[in-house]
Trainee: 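Questions regarding the structure given below will be posed in turn.
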There are 4 protein chains.
Amino acid sequence: MIRLQEHSASPIYEQIVEQLKALVAKGAMKAGDKVPSVRELSSMLLINPNTVSKAYQELERQGVIQTVRGKGTFVSSNEAPRMAAERLEALQREIRRLAVEAKSLGLSEQQWEERIRMESRTLWGDERAAD
Amino acid sequence: MIRLQEHSASPIYEQIVEQLKALVAKGAMKAGDKVPSVRELSSMLLINPNTVSKAYQELERQGVIQTVRGKGTFVSSNEAPRMAAERLEALQREIRRLAVEAKSLGLSEQQWEERIRMESRTLWGDERAAD
Amino acid sequence: MIRLQEHSASPIYEQIVEQLKALVAKGAMKAGDKVPSVRELSSMLLINPNTVSKAYQELERQGVIQTVRGKGTFVSSNEAPRMAAERLEALQREIRRLAVEAKSLGLSEQQWEERIRMESRTLWGDERAAD
Amino acid sequence: MIRLQEHSASPIYEQIVEQLKALVAKGAMKAGDKVPSVRELSSMLLINPNTVSKAYQELERQGVIQTVRGKGTFVSSNEAPRMAAERLEALQREIRRLAVEAKSLGLSEQQWEERIRMESRTLWGDERAAD
DNA sequence: GTGGTCTAGACCACT
DNA sequence: GTGGTCTAGACCACA
């Protein structure tokens, strides 16, 4: 369900954050679903519980999951994402950076937007199909 | 020409890399143009020469600039960017990550693609106008 | 009468304490009124009786309710709240903390006091109206 | 400058966050001022560097301080506090809680608002005097 | 059982 | 020198 890349530039806790957000975005996990406990996931991934804990705390800050004391951690109903203003700003900055990288690689506008659409389809496509 | 954000999450050398790539992508610098020497740029930006040097090494590795012994450093003809395969893979991974973040923030497919187009226009738009 | 937020930062027993104090403060419950027994409330809220018991112990410690052996638990006459000195000190410390947070968020003194008044009205306002 | 209460209910890292925010709110520290390094403060307070680090990360998330790689940590120009929406909501909830506690302690509306004004003066008072 | 906090000590990237 | 990440292992509150 979650797979770590050992020699990745991004830290382990960030990989967990990204992948869990991806699972929720894709609909593989839905509001109310139980997330593995800190100890469970840490032993599954063979990493320290503190590292998982750090990832979960970041996910809670962003409103993706919610912890219930003594019971566990659950996917939250993501109607009101947290820190939306800051995250939208960061998103736009990163899009700008990637567009520069794309052009720097010699991609045309059409090629760049085609690559975007490839990812859009896998995320939003199913919903459109369901219409 | 290059402006550093003192308080940024990304390291200074990366800011230089990104901004020089952006200048080339926007057409503000073209193949053959001379880029400031390490000493020049470091004194302009009031930073350590080693930091500029690290940035230039990364830019050369990506094929954006080329050093000519005794003459200086120049923007290279960008027809065959180095490491294109690796960088295209990384680009696609990052697009995927941003699409997840966009959906996680509650953006619709239309809103997400509109944000992409906002950046595309400023980079590729001028060329289209010139057609 | 009491509504728990499953996904809240504060523990369940604290939510019960806060809400019962709020009911008394608003006048919805008055001195001598019977409060639900531990068993009743725990089955109403679908939680462990120990959790309700912990809440009632805290409320009794603060002088909000009183247990009469064999008869039940009642809202106490609130003329001499227990631990008033300690609680007043804690109150002042918390006001100080919130004022700092308000200023840190860029609120003006007027905006801060307006937010206070919004809450004051709903608690004390009715009494003034009854004068 | 920062004093820890050993037997406080609130964790050490939170005490650091609160106290540093208070120093900035009072004007004792201003934008651009250097904050003690993680290692410095941890040895001053005789606590683990990780605990200070956790506090600083939270302060950065709230936009109170900014770290500059390899140089240190500085008070940020607090014109755009971060997570403002979420923090304003939390502030209002906490005001509500404190108002209930005040009334529960038998305070009149006047006594409650007087206690608010006591803290307001020490934070905003100086500015008014400077007008 | 759950997550939250803290310590001790290590390694790394950046300047 | 700076902060960021990670591990190992401990204790606590909550349910």
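The shown structure was predicted, so the numbers you read here are calculated from the model rather than taken from an experiment. Letters A, B, ... mirror the listed sequences (proteins, then strands); counts begin at 1.
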Trainee: For the residue pair D:Glu58 and D:Gln62, confirm or rule out a side-chain donor-acceptor distance under 3.5 Å.
Mentor: yes
Trainee: Whether the side chain of A:Asn48 and the base of F:dA8 hold a donor-acceptor pair under 3.5 Å is what I'd like checked.
Mentor: yes
Trainee: Would you say a side-chain N or O of A:Ser37 is under 4.0 Å from OP1 or OP2 of E:dG1?
Mentor: no
Trainee: Could you tell me which nucleotide pairs with F:dC14 by Watson-Crick or G-U wobble geometry, both distances under 3.5 Å, or answer none if nothing does?
Mentor: E:dG1
Trainee: Does B:Pro11 or D:Pro11 map to a spot on DNA chain E nearer the 5' end, using the closest nucleotide for each?
Mentor: D:Pro11
Trainee: Rounded off to whole Å, could you give me the CG-to-P distance for the A:Leu41 and F:dT7 pair?
Mentor: 12 Å
Trainee: CD of A:Glu60 versus P of E:dT5: gap in Å, rounded?
Mentor: 11 Å
Trainee: Considering heavy-atom distances to DNA chain E, does D:Lys54 or B:Thr51 have its closest nucleotide positioned more toward the 5' end?
Mentor: D:Lys54
Trainee: In this structure, how many angstroms lie between the P atom of E:dT5 and the CD atom of D:Glu6, rounded?
Mentor: 17 Å
Trainee: Could you tell me whether the phosphate oxygens of F:dC6, OP1 or OP2, come under 4.0 Å of any side-chain nitrogen or oxygen in A:Tyr13?
Mentor: no
Trainee: Of all heavy-atom pairs between C:Lys34 and C:Phe74, which one has the smallest distance, and what is that distance?
Mentor: CA-CD2, 3.7 Å
Trainee: Return the value, rounded to whole Å, for the distance between atom CD of A:Gln66 and atom P of E:dG3.
Mentor: 14 Å
Trainee: Roughly how many Å is it from CG in D:Leu46 to C1' in E:dC6, rounded to a whole number?
Mentor: 14 Å
Trainee: Among E:dC6, F:dC6, F:dG3, which nucleotide sits nearest the side chain of A:Ile12?
Mentor: F:dC6
Trainee: When the distance from CD of D:Glu58 to P of E:dC6 is rounded to whole Å, what number comes out?
Mentor: 13 Å
Trainee: Is it the case that F:dG1 (base atoms only) and D:Arg39 (side chain only) share a donor and an acceptor within less than 3.5 Å, ignoring hydrogens and angles?
Mentor: no
Trainee: Less than 4.5 Å apart, side chain to side chain, heavy atoms only: is that true for C:Val52 and C:Ser42?
Mentor: yes
Trainee: Side-chain N or O of A:Gln57 versus OP1/OP2 of E:dG4: is the shortest distance under 4.0 Å?
Mentor: yes
Trainee: Looking only at side-chain N and O atoms, does A:Ser53 come under 4.0 Å of OP1 or OP2 in E:dG3?
Mentor: no
Trainee: Tell me what B:Ile47 touches on the nucleic acid: a base, only sugar-phosphate, or nothing, going by heavy atoms under 4.0 Å.
Mentor: nothing
Trainee: What contact category does B:Asn50 fall into here, base, sugar-phosphate, or nothing, at under 4.0 angstrom with non-hydrogen atoms?
Mentor: nothing
Trainee: Looking only at side-chain N and O atoms, does A:Arg69 come under 4.0 Å of OP1 or OP2 in F:dA15?
Mentor: yes
Trainee: Roughly how many Å is it from CD1 in D:Ile65 to P in F:dT2, rounded to a whole number?
Mentor: 15 Å
Trainee: In terms of side-chain heavy atoms, does C:Gln66 have a donor or acceptor partner in C:Thr73 at a distance below 3.5 Å?
Mentor: no
Trainee: Considering non-hydrogen atoms only, spot the tightest contact between C:Val75 and C:Met29 and give its length.
Mentor: CG2-CE, 4.1 Å
Trainee: Could you tell me the separation between the CD atom of C:Glu14 and the P atom of F:dC14, rounded to a whole number of Å?
Mentor: 7 Å
Trainee: Consider the side chain of A:Lys71, meaning its heavy atoms from C-beta on, and name the nucleotide among F:dA15, F:dG4, E:dG3 that approaches it most closely.
Mentor: F:dA15
Trainee: Taking the side chain as every heavy atom from C-beta outward, state whether A:Lys54 and A:Pro11 have any pair of such atoms under 4.5 Å apart.
Mentor: no
